[in-house]
Every structure is written in structure tokens, then in C-alpha cells.
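Note sheet for the following structure.
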Amino acid sequence: MTQLQTNPQINTVGIDQISFATSKSYLDLAVLAERNGIDVAKYHYGLGQELMAVPAHHEDIVTLATDAASRVIGEGKRNKISTLIFATETGIDQSKAAGVYVHRLLGLREDCRVVEMKQACYSATAALQMACALVARHPKEAVLVIASDVARYELDTPAEATQGCGAVAMLITAEPRIAVVHPEVGNYTEDVMDFWRPNHSKTALVDGKFSTEMYMKALVNAWNYYQKNAGMAFSELDHFCYHLPFSRMGVKAHRKLCEHVQSGLSREQSDAQLAASLEYNRVIGNSYTASLYLSFASLLDHGKDLAGDNVAMLSYGSGCVAEFFAATIVDGYQQHLHSDIHERSLLERVALSYEEYVEYWNYPDPVDGEEVVIESHRHHKGPVLRSIRDHKREYAIN
Ligand code: HMG
């Protein structure tokens, strides 16, 4: 008879390390407003956005992911990683997982499993939950979760100002040093067409107003299921991180939740519960799967003395799937952040003119196998896309 082995008991599982990367260039939305004849206040206050990250020719979901992940796998953690889960809706291939390129660029173990996940902006949360489950089963191992996306809409549309790009990498372990992720969740799924990207299109199609309504509906339903599933009470939650297609969406969503639970909070009190989480998204834009975790990184880097605080998370992916869950910040978390690198990477970015932005937006991705050598890669350090030849993308670390 087979002897069943039980795992050593572990107390907690969650986020041991977190870091993000975004493009080295951006478009100031004041430039876009002037070009489009729009009052810039619409972008600054109506959407809550100031700058929009724009990837250069040599940057894509793989280079951003590798950049973010390079910081979270240090301190002897690399060889503990037994699984890499890559969440994206900007897939570069219908078959091969983008994470396989990242696996090589980071020099991960060859006995590490790699897989790509998709459900609009939501899939990084499924990846995080699966990572927690894997670590609970094998507490000595670590799982690398990466969310990486380039948000693209057609030029000259209302959605144009909500583009952006970024990657967030998180190392999931037992006894984590940043945040314990609690197992109680509230999910909500409904088959709707609020935002989607057919295989033939490089940009998302969106029913903008309907998508914001679905976001609100999914939030309320996910919250209700979270309560039904023994989640924390509203009063126990100290901070709120939302999926942020634009930062104003988070503010409105949180006001809606406060109203729904009859919190009795004033607008100022309600807004204060998420203020620190909006900072990075305001100057990066939508990063789809990475967006919620960019909010969390922003809270960690800008919030004051968060140790012991409970953080609520609302993940939303159009189509649609939502999830509400919570995490508790661990004592001493500050020593394990990458705040300085994050701030510096944003300060060192280069502002684009409107013409440069359009040139980047239109950059060719050859469909006939023709060779394209990406000249801009020569001027950049770190992970780069060097060329596309014979339908193959060639990455390297400069
Ligand atoms: P729009 O046509 O620009 O909307 O589209 P608007 O004219 O209603 O203006 C937006 C806000 O700016 C309004 O505020 C205006 O009043 C205000 P609100 O009434 O909503 O509070 N405004 C001004 N404020 C100050 N000064 C002014 C001024 N003028 C106007 N002068 C929309 C906006 C978000 C629909 C559009 O940008 C869009 O389609 N974006 C893409 C879709 C999107 O982000 N949806 C969000 C929910 S779905 C989601 O989050 C999932 C997603 O990330 C994808 C995924 O899951 O993969 C998108």
C-alpha cells in the first residue's frame, strides 16, 4: 500500500517580492490633448491620467517582463523557482508562451514549468491564486508570476488616452516578506462584449461606457460573493487597490463600494483609502494584467507604515471576470521593496513628441517573414528585442 506523505505545515503564503518595469518613453497627455483639440483637464481630472507609457521598437511584453522579474529573483531565490506563470493579453504568439523567452533570459532552472494565461486584465489574479496553491503544496518552492501587457487602442478614439504598458513580477513563497494573500475570494463571471481583441486585430475593440458599467457591476457582485465566502468586513480593510484602466475608474469604483456597503465615509475619507495606489498608474497608463499589481506596488512605495494593514484587491478583466480578495502587509516589508529603482526608472524616461509617438505606434511587425533589425536596441541596456526574422523574435540582454 502506498504511504501518503503530508506536507510540512505552513502558516502563510503570499508575495515575497514585487517589482515593475515600464517603457523608457512616454507621451505627455497634454501633447495629445493639444493635438486632438481636447481640454487637458479631461485627461487630468476626467480620466485621472497625466502621462502614457509608449513602448519603443525594442520593447515588448517579454522585455518588460524580464526587466521587472530580474529584480525579484535575486538573493538566491532563482533556483527555488519551479513554475513561471505569465499573464498577458498582448500575446506575441498564438502557440508559444512568452514566458519561455523570459525563462531563458533569466537563466531559470530547466526543470521549471512555464505557461501563459489569458482572461483580459484578470488573468494575473488567477496566476497569483494558482501560484499560492502550488506553494501551499510545495512550500520550499517559489513561483514567479509575471503580468505584462501593452494596452493599445486606435488613434483618434476616446480610448486612445487610456493606452500604456508595463509589467509586474511577483515572487510567491511560503512565509512571504511583503504580503500574505488570504484564501477567501469573491468571483463574478458574465459573458459580455465590453472589450475584446479579435485575432486579426492589433488593437482592442471597446464599448467604452458599457465597459465602465460592467466594471461597477462586477465589483459589486465580486464583493457580495467575497462577503458570502467569509471575507473580511469593509471596516477591517485599511487600503483598496483596484484594476486601473485609468486612475479615475478606481476612485469611482471605490465610491460605489462605499455606497454599496453604507460605509458612512465622506468622499475625502473614501478617496484617502486608495490615494497612494494611484500614483504609478497616473503616469504609466493602463497595463492591463499588470494594472492591479502596479496599484499595489504604488501603495507599497507611497503608503506610510503599512505593516499589519489589510489591503483589499479588486481584479477586473473585460469579457468579464472579476475577483475580490485581500492581503495583509508583513512587518519589515519596507526592507524588501525596490522603491528607489522604480522612482528612478520613471524619472529617467524620455518624453516623445506626437510624431514620435505615432511612429512608435505604427512600427511594423512583419507578417511575411521579412527581416527587421531593430536599430534602437543598440542604444539600450537590459533586455531588448533585437530583430524579427523568418517569423521569429530574437531577444537578448544588452
Ligand atoms: P470618453 O468618451 O472620453 O468619456 O470615454 P467622457 O466624455 O464621458 O469623459 C470622461 C470623463 O471626463 C467624464 O467624467 C467627463 O465628465 C470628464 P465622468 O462623468 O465619467 O465622471 N470630463 C472632464 N473633466 C474635467 N474637465 C473637462 C472634462 N471633459 C470631460 N474639460 C472612456 C472615456 C473611459 C469610455 C474611454 O476612454 C474608453 O473607452 N477607454 C477604454 C475602455 C476602458 O478603459 N474601460 C474601463 C472599464 S473596462 C476595464 O477596466 C478593462 C480594461 O482594462 C481591459 C481588460 O480587461 O483587458 C479596459
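Computed from heavy atoms alone, side chains included, the values below leave out hydrogens, waters and symmetry copies. Along the sequence shown, residues carry numbers from 1.
A side-chain N or O of Asn199 and one of Gln94 form a donor-acceptor pair less than 3.5 Å apart. For the residue pair Ser318 / Tyr215, no side-chain donor-acceptor distance below 3.5 Å is found, with atom types taken as modelled. Between the side chains of Asn398 and His380, no donor N or O sits under 3.5 Å from an acceptor N or O. Judged by distance alone, the side chains of Thr203 and Arg152 never bring a donor and an acceptor atom under 3.5 Å apart.
Remark: side-chain polar atoms of Ser287 are not paired, donor with acceptor, to backbone N or O of Ala167 under 3.5 angstrom. Checking side-chain atoms of Ser291 against main-chain N and O of Leu244 turns up a donor-acceptor pair under 3.5 Å. Proximity of a side-chain donor or acceptor of Asp149 to a complementary backbone N or O of Ala151 within less than 3.5 Å is not detected. Using modelled atom types, no side-chain atom of Glu343 and backbone atom of Ser339 make a donor-acceptor pair closer than 3.5 Å.
Under 4.0 Å is where a charged nitrogen must lie from a carboxylate oxygen, and between Lys24 and Asp67 at least one such pair does. Asp93 has no carboxylate O lying under 4.0 Å from a charged side-chain N of Lys392, or vice versa, which leaves the two without a salt bridge. For Glu375 and Arg378, the salt-bridge test passes: some basic side-chain N is under 4.0 Å from an acidic carboxylate O.
Taking CE of Met313 as the start and CG of Leu128 as the end, the distance is 7.5 Å to the nearest 0.5 Å. Rounding to the nearest 0.5 Å places CG of Leu144 at 7.0 Å from CD1 of Ile73.
Of the options Tyr122, Tyr226, Phe234, a ring pair (Phe, Tyr, Trp, His ring centres under 6.0 Å) to Phe324 is made by Tyr226 and by none of the others. Partner His338 forms a side chain to side chain donor-acceptor pair (under 3.5 Å) with one of Gln17, Arg71, Arg344 and no other, that one being Gln17.
Between Tyr354 and Tyr357, the distance separating the two ring centers is shorter than 6.0 angstrom.
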